[in-house]
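Since this is a predicted model, take the numbers as computed values, not measurements. Just follow the structure's listing: the first ligand is 1, and inside any ligand the first atom is 1.
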Amino acid sequence: MTDDPEEPTLAGDDWEPEELLDEDLALPAELDLPPDHRSGFVAVVGKPNVGKSTLMNAYLGQKIAIVSPKPQTTRNRLLGILTLERQRGDVADAQVIFVDTPGIHRPLHKLGEYMVEQAVRAIPDADLVLFVVDVSSPPNDEDRHIASLLQRQRELPVLLVLNKIDLVGEGQPGYAAEYQALGAFRDAIAISALQGENRDRLLEMILAHLPLGPRYYPEEQITDQQLRFMAAELVREAVMMHLRQEIPYSVAVIVDQFKERSEDMTYISATVLVERDTQKAIILGHGGEMIKRIGRDARRQIEELLGTRVFLELWVKVRKRWRADEQELRRLGYATPGRGD
Ligand code: GDP
Ligand code: MG
């Protein structure tokens with residue numbers, strides 16, 4: 001490639017996160033981390049809608065995983081990196097790497113299968129598992145299914161996180177006992193990821209279960225996802241927020257262009273893919289009203305993420321049955337690595 005000066009550099013294709021990471025790994029020694037520095041991977045698992053992304057975002061103090069009242073909004077595995085330093089007043093010297101997983105549920109079609117695979121794969125890699133449940137409603141088959149998957153990983157410690165305690169009456173246990181009966185958990189705690197109750201206490205429990213280890217990522221890094229992907233997720237979130245009933249989760253978003261026009265202006269062009277003409281019409285709305293509103297909301301969120309002004313251009317296209325089409329899923333970035341492309 002170096003022989004040919006005409007050969008353009010394809011930043012998107014050549015970019016190797018692993019290479020960058022190797023250099024970063026040289027850092028801890030120079031940093032003189034204390035000998036009791038802890039680190040590890042914490043898989044956050046649970047059925048859709050129990051508050052996994054909310055919990056992770058709360059710890060990171062930033063929105064990196066999309067949250068919505070509709071289930072199944074988190075499709076890819078997503079790392080959330082929390083670096084703690086006593087020097088700055090944190091409770092420990094540690095790096096907690098949360099792995100947010102798509103909700104584990106029964107596959108209905110190809111995308112469902114992919115999501116389940118991702119969720120299950122996240123488990124054996126982890127040093128600790130947070131099994132998040134909604135304590136305000138009784139366990140169902142999905143909770144039992146996940147609990148049984150976890151039971152198979154015997155050597156892995158699992159903390160039962162009884163979330164949404166704020167929805168349960170003062171001093172009431174909700175369905176805590178029913179959830180505890182689902183397995184042998186190292187510990188259990190009732191929290192409100194949304195309102196903050198017991199969040200600090202849970203963090204202490206997490207830290208107590210992490211092994212001694214180095215800092216895997218530089219302290220300023222909070223996620224492994226590229227901004228481009230996160231921008232696409234924010235557009236998808238805006239679509240789902242506005243069209244709660246009308247559009248099921250058959251919406252995918254591709255960012256076609258992502259350009260820093262100047263220090264404080266980013267140009268983004270994105271395509272919203274739907275499966276049917278009727279869905280396209282709904283997303284566009286009367287005289288384009290709906291897509292304008294979606295675009296405005298998404299733009300605000302992306303501006304917050306990037307810290308620049310954003311010019312966002314949205315297109316809506318119909319791609320019939322994209323969810324069932326393996327090739328299309330791969331093209332959209334939902335492919336499982338190592339599955340033989
Ligand atoms: P995930 O699918 O498990 O990642 O769930 P999300 O984090 O996307 O949250 C699903 C919904 O539950 C959102 O509307 C959240 O605002 C809400 N939620 C999350 N945590 C809590 C909580 O502690 N209390 C209450 N009342 N709602 C919560
Ligand atoms: Mg989520």
Side-chain angles (χ1 to χ4, degrees), residues 42-80 82 98-108 111-112 114-116 118-120 122-123 126 129-143 145-147 149-150 158-170 172-176 179 188-203 205-206 223 225 230 233-245 248-249 251 297 301:
V42 178
V44 185
V45 305
K47 71 181 172 190
N49 226 23
V50 291
K52 299 181 296 296
S53 299
T54 304
L55 180 65
M56 195 163 115
N57 290 341
Y59 282 135
L60 299 170
Q62 203 163 338
K63 188 162 174 173
I64 66 161
I66 81 171
V67 173
S68 103
K70 271 193 88 145
Q72 294 154 353
T73 48
T74 309
R75 282 185 181 160
N76 284 285
R77 265 166 84 143
L78 179 72
L79 297 189
L82 177 64
F98 294 100
V99 187
D100 189 13
T101 61
I104 301 173
H105 63 110
R106 289 212 193 72
L108 293 173
L111 181 59
Y114 169 76
M115 288 164 67
V116 173
Q118 289 289 296
V120 176
I123 301 172
V129 176
L130 302 185
F131 177 28
V132 184
V133 300
D134 178 351
V135 74
S136 72
S137 67
N140 66 6
D141 283 350
E142 284 180 294
D143 296 294
H145 173 59
I146 297 165
L149 285 175
L150 292 176
V158 179
L159 301 182
L160 177 64
V161 178
L162 303 152
N163 192 32
K164 307 200 186 184
I165 194 68
D166 57 292
L167 295 180
V168 172
E170 189 77 47
Q172 298 294 307
Y175 293 91
Y179 282 106
I189 185 170
I191 72 156
S192 171
L194 195 63
Q195 300 190 351
E197 189 178 343
N198 268 344
R199 238 169 24 207
D200 291 349
R201 180 78 198 90
L202 172 60
L203 183 58
M205 288 166 74
I206 293 169
T223 178
Q225 295 292 342
M230 291 167 75
E233 286 290 278
L234 289 170
V235 172
R236 201 159 60 81
E237 181 183 53
V239 171
M240 300 188 31
M241 284 294 181
H242 280 281
L243 301 165
R244 231 162 262 180
Q245 255 74 61
Y249 72 113
V251 174
D297 284 2
Q301 294 283 336

Between the main-chain N or O of [Y] and the side-chain N or O of [X], is there a donor-acceptor pair closer than 3.5 Å?
{"X": "Asn163", "Y": "Val132", "value": "no"}
{"X": "Lys52", "Y": "Gly46", "value": "yes"}
{"X": "Asn140", "Y": "Asp143", "value": "yes"}
{"X": "Tyr175", "Y": "Asp134", "value": "no"}

Candidate with minimal heavy-atom separation from atom 7 (O) of ligand 1, of Asp166, Thr54, Val133: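 Result: the heavy atom closest to atom 7 (O) of ligand 1 is in Thr54.
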Ile191-ligand 1 polar pair, N/O distance under 3.5 Å: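 No, since none of the N or O atoms of Ile191 sits under 3.5 Å from an N or O of ligand 1.
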Polar contact flag for Pro48 and ligand 1 (N/O pairs, less than 3.5 Å):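 No: no nitrogen or oxygen of Pro48 is under 3.5 Å from one in ligand 1.
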Using a strict 4.0 Å cut-off to heavy atoms of [X], name the atoms of ligand 1 that fall inside it.
{"X": "Ser53", "result": "4 (O), 7 (O)"}
{"X": "Lys52", "result": "1 (P), 2 (O), 3 (O), 4 (O), 5 (O), 7 (O)"}
{"X": "Leu167", "result": "26 (N)"}

Which segment of Val50 sits under 4.0 Å of ligand 1 when only heavy atoms are counted: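 Within the 4.0 Å criterion, Val50 contacts ligand 1 through backbone and side-chain atoms alike.
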Pairing residues for Asp200 by the side-chain contact (heavy atoms from CB on, under 4.5 Å) criterion, not counting sequence neighbours: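 Counting only residues at least two positions away or on another chain, Asp200 forms no side-chain contact (heavy atoms from CB on, under 4.5 Å).
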Ligand 1 contact by Gly46, heavy-atom criterion under 4.0 angstrom: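 Gly46 does not count as a contact of ligand 1 under the 4.0 Å cut-off.
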Nearest heavy-atom neighbours spanning Lys164 and Val50: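 Shortest heavy-atom separation between Lys164 and Val50 comes out as CE-O, 3.5 Å.
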